[in-house]
Colleague: 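Quick one: structure below, then a few questions.
In the text below, chain A, chain B and the rest are named by the order of the sequence lines, each starting its count at 1.
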Number of protein chains: 2
Amino acid sequence: MLARKIADSTVRRLAIYLRFLEEFEHQGAGTVSSEALAARAGTTSAQVRKDLSFFGSFGKRGLGYDVHALAVQLRTILGLTRRYHVILVGAGRLAGALVQYAEFGARGFDIVAAVDRDPAKIGTRWGDLVIGNVADLEKIVQREQIEIAILVAPADAAQALVDRLVSAGVSAILNFAPVQLHVPHGMDVKNVNLAVELETLSYALQHRGST
Amino acid sequence: MLARKIADSTVRRLAIYLRFLEEFEHQGAGTVSSEALAARAGTTSAQVRKDLSFFGSFGKRGLGYDVHALAVQLRTILGLTRRYHVILVGAGRLAGALVQYAEFGARGFDIVAAVDRDPAKIGTRWGDLVIGNVADLEKIVQREQIEIAILVAPADAAQALVDRLVSAGVSAILNFAPVQLHVPHGMDVKNVNLAVELETLSYALQHRGST
DNA sequence: CGTCGCTCGTGAAACATTTCACAAATGCTT
DNA sequence: AAGCATTTGTGAAATGTTTCACGAGCGACG
Ligand SMILES: NC(=O)c1ccc[n+]([C@@H]2O[C@H](COP(=O)([O-])OP(=O)(O)OC[C@H]3O[C@@H](n4cnc5c(N)ncnc54)[C@H](O)[C@@H]3O)[C@@H](O)[C@H]2O)c1
Ligand SMILES: NC(=O)c1ccc[n+]([C@@H]2O[C@H](COP(=O)([O-])OP(=O)(O)OC[C@H]3O[C@@H](n4cnc5c(N)ncnc54)[C@H](O)[C@@H]3O)[C@@H](O)[C@H]2O)c1
């Protein structure tokens, strides 16, 4: 669809702009300037305009951007005009927090399945969601037409689960296990490593004074 | 301590190298090459060497790096030679997952307090941790000598809580609420926004074929 | 003890991202 | 309708990050 390769940092910011646009929309604002968006998102107006310019010209000079129209554009760019079926692989504590997080559903990500290995958990419910047996992973992925997996199983089980997810046809994985996953070319994997986040904070704490 | 400003991407990778070094150490490996580390961490050997070179010369030419010695160096660089007291602000589902995550403790981050606003939660326990009243936030931060706060309260309460944390003397914040926080210059804030992670995946899913 | 194979450390080059700065639109006012 | 105050969109410059490529150091081995 798009010739150029867009930086990950740009895509992230677009997602953040969308969040603030929706907030503005809720407050009834009709238009917004790059300056105002930038202030909210913690960046600069030039950055906002540059980010948007990769995808087209959405503003009106002298006026700014139509809040609703830009939100629609960003949803289109980000692929949020449709819904995605998501599976939780591993039904532990973190999965339990994620499953009740309303924001995912609000953004089009429906958690339609969860699987675990523990017989004590299989068959129990989280709201309407019945925890399935990880042995049936491939079957469930196909039956529920799942495109995205959130991997919240222990690190040592992660790679084997990923291999199965890939061959079952999942196209993208959000990985919380602190391991480097190997996947075929073309698959998208995003890693979230909370321990690393804390460590960058401790790095910053230590290197104070060189302000 | 260090003249140059180090890129965030470099610091993150150092934390990841450390993880794999510890794994190698566990397996009894004495030395490791930049090539081997890179393979595990999903980067290149030149990147590994460059990252390390910002902080010194830790390897032996022809041999590689001493696994244990490099791990010690990285812990020093990252500020992991001491422990940090951490508070959970908000004692909801996500906090419940984080409090039992062993890896934080293993890396030197001790969750020594949690607070909430809900009277039904205040006074209940998570292991040895008694959930405190958010009204006593400043008192608890000072009593427990807390340096790092993990913000897992609702988005609309976030900024007010941050202001209180800052004035109570917390130096770094890991923020899970999907808002842009404003803090005085010098404070460190790291944002984790899981919805944004999913949105970058949906962006990638949509823009396939331009491989 | 000299040579060989290996791997580090590091400037320089290539590449990527952000910031700058200004012409071109746009609506408002008079 | 012309002038003015804004704010966009975008090349170009500045800055930041990664990759390249090679000299230098190290241990092994004959
Ligand atoms: N809890 C956190 O705050 C946190 C933070 C960051 C990362 N993580 C990572 O997320 C993952 C899950 O963390 P958690 O705290 O929810 O752990 P948990 O132990 O509460 O849950 C893990 C679940 O996975 C299940 N499981 C084990 N092997 C499995 C398999 N082969 N197939 C399917 N399910 C399997 C277990 O039965 C358990 O229910 C871990 O990799 C952890 O390192 C957790
Ligand atoms: N659950 C997730 O998977 C998830 C994922 C990403 C981000 N988040 C964010 O993390 C935060 C917490 O999420 P959660 O799922 O744990 O929500 P939750 O509703 O389970 O927990 C929030 C807790 O904060 C408490 N609280 C409310 N106001 C407070 C205040 N002023 N001071 C102290 N405590 C207060 C509530 O009583 C509740 O116990 C939210 O901002 C959410 O957007 C959650």
Side-chain angles (χ1 to χ4, degrees), chain A residues 2-17 20-21 24 29-71 73-74 77 200 203-204 207 210, chain B residues 2-17 20-21 24 29-71 73-74 77 200 203-204 207 210:
Chain A
L2 199 72
R4 206 153 358 158
K5 199 181 147 270
I6 300 298
D8 187 63
S9 50
T10 292
V11 177
R12 291 181 113 73
R13 281 192 301 266
L14 293 178
I16 290 169
Y17 302 154
F20 292 115
L21 283 173
F24 285 135
T31 66
V32 66
S33 67
S34 58
E35 190 63 45
L37 248 191
R40 275 313 194 84
T43 179
T44 65
S45 61
Q47 181 81 80
V48 170
R49 295 198 300 276
K50 182 60 99 177
D51 287 340
L52 295 174
S53 77
F54 293 129
F55 297 92
S57 296
F58 307 121
K60 280 217 169 62
R61 297 175 187 215
L63 254 197
Y65 301 87
D66 179 280
V67 170
H68 177 73
L70 185 56
Q73 286 291 348
L74 288 185
I77 291 167
T200 65
Y203 173 85
H207 297 79
S210 47
Chain B
L2 200 72
R4 207 156 355 161
K5 195 175 151 277
I6 300 298
D8 187 64
S9 51
T10 292
V11 177
R12 291 182 114 71
R13 282 192 301 267
L14 293 179
I16 290 170
Y17 303 154
F20 292 115
L21 282 173
F24 284 134
T31 66
V32 67
S33 67
S34 57
E35 191 63 45
L37 249 190
R40 275 314 195 81
T43 180
T44 66
S45 61
Q47 181 80 82
V48 171
R49 295 198 300 278
K50 182 61 96 180
D51 286 340
L52 295 174
S53 77
F54 293 129
F55 298 92
S57 296
F58 307 121
K60 281 217 169 64
R61 297 174 186 214
L63 256 196
Y65 300 88
D66 179 279
V67 170
H68 177 74
L70 185 55
Q73 286 291 348
L74 289 184
I77 291 166
T200 65
Y203 173 86
H207 297 79
S210 47

Colleague: Say you draw a straight line from CD of E35(B) to CZ of R40(B); how long is it, rounded to the nearest 0.5 Å?
Modeller: 13.5 Å

Colleague: Between atom CG of L21(B) and atom CG of L14(B), what is the distance when rounded to the nearest 0.5 Å?
Modeller: 10.0 Å

Colleague: Could you walk me through whether F24(B) and L37(B) satisfy the side chain to side chain contact (heavy atoms under 4.5 Å, CB included) test, starting with their C-alpha distance in whole Å, then the side-chain angles of each, then the deciding distance to 0.1 Å, before giving a yes or no?
Modeller: CA-CA 9 Å; F24(B) 284 134; L37(B) 249 190; 4.2 Å; yes

Colleague: Write down the distance between CG (D8(B)) and C1' (dT18(D)), rounded to a whole number of angstrom.
Modeller: 16 Å

Colleague: Let me know the distance between CG of D51(B) and C1' of dT18(D), rounded to the nearest Å.
Modeller: 10 Å

Colleague: How long is the line joining CG of L52(B) and C1' of dT17(D), in whole Å?
Modeller: 16 Å

Colleague: Does S33(A) have a side-chain nitrogen or oxygen under 4.0 Å from the phosphate oxygens OP1 or OP2 of dT7(D)?
Modeller: no

Colleague: The test is side chain to side chain contact (heavy atoms under 4.5 Å, CB included); show your working for L52(B) and L74(B) and say whether it passes.
Modeller: CA-CA 9 Å; L52(B) 295 174; L74(B) 289 184; 3.9 Å; yes

Colleague: Taking atom CG of D8(A) and atom OH of Y203(B), what is their separation to the nearest 0.5 Å?
Modeller: 9.5 Å

Colleague: If you assign Q47(A) and S57(B) each to the DNA chain C nucleotide with the nearest heavy atom, which residue ends up on the more 5' nucleotide?
Modeller: S57(B)

Colleague: Test of understanding: with side chain to side chain contact (heavy atoms under 4.5 Å, CB included), list the residues that count as partners of A69(A), not counting sequence neighbours.
Modeller: D66(A)

Colleague: Would you grab the first and last nucleotide of DNA chain C (5' to 3') that comes under 4.0 Å of any non-hydrogen atom in chain B?
Modeller: dC6(C) to dA12(C)

Colleague: How long is the span from the OG1 atom in T10(B) to the CD1 atom in I77(B), to the nearest 0.5 Å?
Modeller: 11.0 Å

Colleague: Given S34(B), which of V48(B), T43(B), T44(B) fulfils the side chain to side chain contact (heavy atoms under 4.5 Å, CB included) condition?
Modeller: V48(B)

Colleague: Specify the residue among G64(A) and K50(B) whose closest nucleotide of DNA chain D lies further upstream toward the 5′ end.
Modeller: G64(A)

Colleague: Mind checking if S45(B) touches a base, just sugar-phosphate, or nothing, with heavy atoms under 4.0 Å?
Modeller: nothing

Colleague: Just compare dT17(D), dT18(D), dG9(D) and give me whichever is closest to any side-chain atom of Y65(A).
Modeller: dG9(D)

Colleague: Whole angstroms only, please: what is the CD1-C1' distance between I6(B) and dG16(D)?
Modeller: 12 Å

Colleague: Check the distance between dT8(D)'s P and Q73(A)'s CD and give it to me in whole angstrom.
Modeller: 16 Å

Colleague: Could you walk me through whether L70(A) and Y17(A) pass the side chain to side chain contact (heavy atoms under 4.5 Å, CB included) check?
Modeller: CA-CA 10 Å; L70(A) 185 56; Y17(A) 302 154; over 6 Å; no

Colleague: For R49(B) and dG25(D), give me the distance from atom CZ to atom C1', rounded to whole Å.
Modeller: 14 Å

Colleague: What does the list of N/O pairs under 3.5 Å between the protein and nucleotides 26-30 of chain D look like, with a distance for each?
Modeller:
from, atom 1, to, atom 2, distance (Å)
dC26(D), O4', R61(B), O, 3.3

Colleague: Between V32(B) and R13(A), which is nearer to the 5' end of DNA chain C once each is assigned its nearest nucleotide?
Modeller: V32(B)

